[in-house]
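The next block holds one structure in the form of structure tokens; read it before the comments.
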Amino acid sequence: MTAIFLHFTGNCREALDYYAGIFEVEPKDIATYGEAPPNPNAGENKDANADKIMYSEIDVRGLRVMMSDMPDGVPATQGDNVSIVVESDDLEDLKAIFAKFEKESKVYMPLEETFWSKGYAMIADKFGMQWHLSYGDFLTK
């Protein structure tokens, strides 16, 4: 199995709910740092991360998307180093997904016909994650 793991800096719960709403799925396996066994090496800020998500996941069209908040002091650079591609043979389905993302995203390329696809879009959502929506197979003519 292949999965994607997205890391956030304190807003994982918001992102989890946002993506679950777009893809109309239920988040699962949510665990916070506060639910983890005590860590004697956590230092004086051991409670600072208690409400942050240590692990969560959703299913995006058969792709396991795992998400977490990074603990204080551990960097997480959001954005353009990872893209998630959602493919569909249903253009209306992609239009619905694009419409949900479009409200709070930077649209690099609206969902439109290209020389390689009858429907393709590229966006960066409000969390800085890159998404590509792709309809059907690559067109060769």
Side-chain angles (χ1 to χ4, degrees), residues 1-39 41-141:
M1 173 179 262
T2 302
I4 293 176
F5 207 133
L6 305 177
H7 300 286
F8 297 87
T9 56
N11 58 347
C12 181
R13 189 172 305 277
E14 180 186 358
L16 180 66
D17 292 341
Y18 179 71
Y19 299 137
I22 285 179
F23 292 103
E24 299 175 359
V25 297
E26 290 296 319
K28 56 184 178 179
D29 299 329
I30 300 171
T32 65
Y33 287 99
E35 296 169 328
N39 179 354
N41 299 320
E44 293 181 24
N45 285 337
K46 63 183 176 186
D47 294 328
N49 296 306
D51 292 331
K52 291 183 178 180
I53 292 180
M54 183 174 68
Y55 182 85
S56 62
E57 69 177 75
I58 59 172
D59 180 281
V60 176
R61 308 284 171 93
L63 175 65
R64 185 174 166 202
V65 179
M66 301 176 285
M67 293 180 256
S68 75
D69 284 309
M70 298 306 286
D72 288 348
V74 179
T77 303
Q78 298 300 321
D80 59 5
N81 60 335
V82 174
S83 295
I84 302 170
V85 180
V86 177
E87 297 176 306
S88 178
D89 288 328
D90 182 345
L91 190 55
E92 293 306 311
D93 177 47
L94 288 179
K95 287 179 181 178
I97 292 169
F98 180 78
K100 291 176 187 177
F101 268 125
E102 185 178 28
K103 296 173 190 167
E104 300 179 285
S105 299
K106 180 174 183 176
V107 177
Y108 293 114
M109 182 175 181
L111 186 62
E112 61 189 13
E113 188 168 340
T114 67
F115 70 89
W116 70 85
S117 174
K118 292 190 178 190
Y120 192 84
M122 224 172 26
I123 61 119
D125 70 27
K126 66 183 186 177
F127 302 102
M129 298 298 171
Q130 307 289 319
W131 293 81
H132 298 242
L133 307 177
S134 182
Y135 172 73
D137 293 329
F138 187 86
L139 299 176
T140 56
K141 295 182 184 181

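Please read these numbers as outputs of a predicted model, since none were measured by experiment.
- Contacts of D93 classified as salt bridge (charged side-chain N to carboxylate O under 4.0 Å, His left out), with partners at least two apart in sequence or in another chain: R61.
- Within the model, atoms CG of L133 and CD1 of I123 stand 6.5 Å from one another, a figure rounded to the nearest 0.5 Å.
- Y108 places no side-chain N or O within donor-acceptor distance of the main-chain N or O of Q130, the cut-off being under 3.5 Å.
- Closest approach of F8 to N11, counting heavy atoms only: CB-OD1, 3.4 Å.
- The two residues V65 and V60 have their closest heavy-atom pair at CG2-CG2, 3.8 Å.
- Aromatic pair W131/F23: centroids less than 6.0 angstrom apart.
- When all heavy atoms of F98 and M109 are compared, the closest pair comes out as CE1-O, 4.3 Å.
- Considering only residues two or more places apart in sequence or on other chains, Y135 meets the ring pair (Phe, Tyr, Trp, His ring centres under 6.0 Å) condition with none of them.
- Rounding to the nearest 0.5 angstrom, the gap separating the OH atom in Y19 from the CZ atom in F101 is 6.0 Å.
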Run the side-chain contact (heavy atoms from CB on, under 4.5 Å) check on K95 and L111 step by step: do they pass?
-> CA-CA 7 Å; K95 287 179 181 178; L111 186 62; 3.6 Å; yes
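- Crowding of D51 atom CG: a count of heavy atoms from other residues, nucleotides or ligands under 6.0 Å not exceeding 12.
- Within the model, atoms CG of L6 and CE of M129 stand 4.5 Å from one another, a figure rounded to the nearest 0.5 Å.
- Using modelled atom types, no side-chain atom of S105 and backbone atom of V107 make a donor-acceptor pair closer than 3.5 Å.
- Residue L16 holds its CG atom at 13.0 Å from CE of M66, rounded to the nearest 0.5 Å.
- The heavy-atom pair separating E104 from Y18 by the smallest distance is OE1-CE1, 3.4 Å.
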Passes side-chain contact (heavy atoms from CB on, under 4.5 Å), L63 versus I84? Steps please.
-> CA-CA 10 Å; L63 175 65; I84 302 170; 4.3 Å; yes
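- If you take NZ on K118 and OG on S134, they are separated by 13.0 Å, rounding to the nearest 0.5 Å.
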side-chain contact (heavy atoms from CB on, under 4.5 Å) evaluation trace for T32 with R13 | CA-CA 10 Å; T32 65; R13 189 172 305 277; 3.6 Å; yes
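- If you take OG on S68 and NE2 on H7, they are separated by 5.0 Å, rounding to the nearest 0.5 Å.
- Under the salt bridge (Lys or Arg N to Asp or Glu O under 4.0 Å) criterion, the residue pairs touching residues 16-30 are E24-K100, K28-E57, with sequence neighbours excluded.
- Closest approach of C12 and D69 over heavy atoms only: N-OD1, 3.0 Å.
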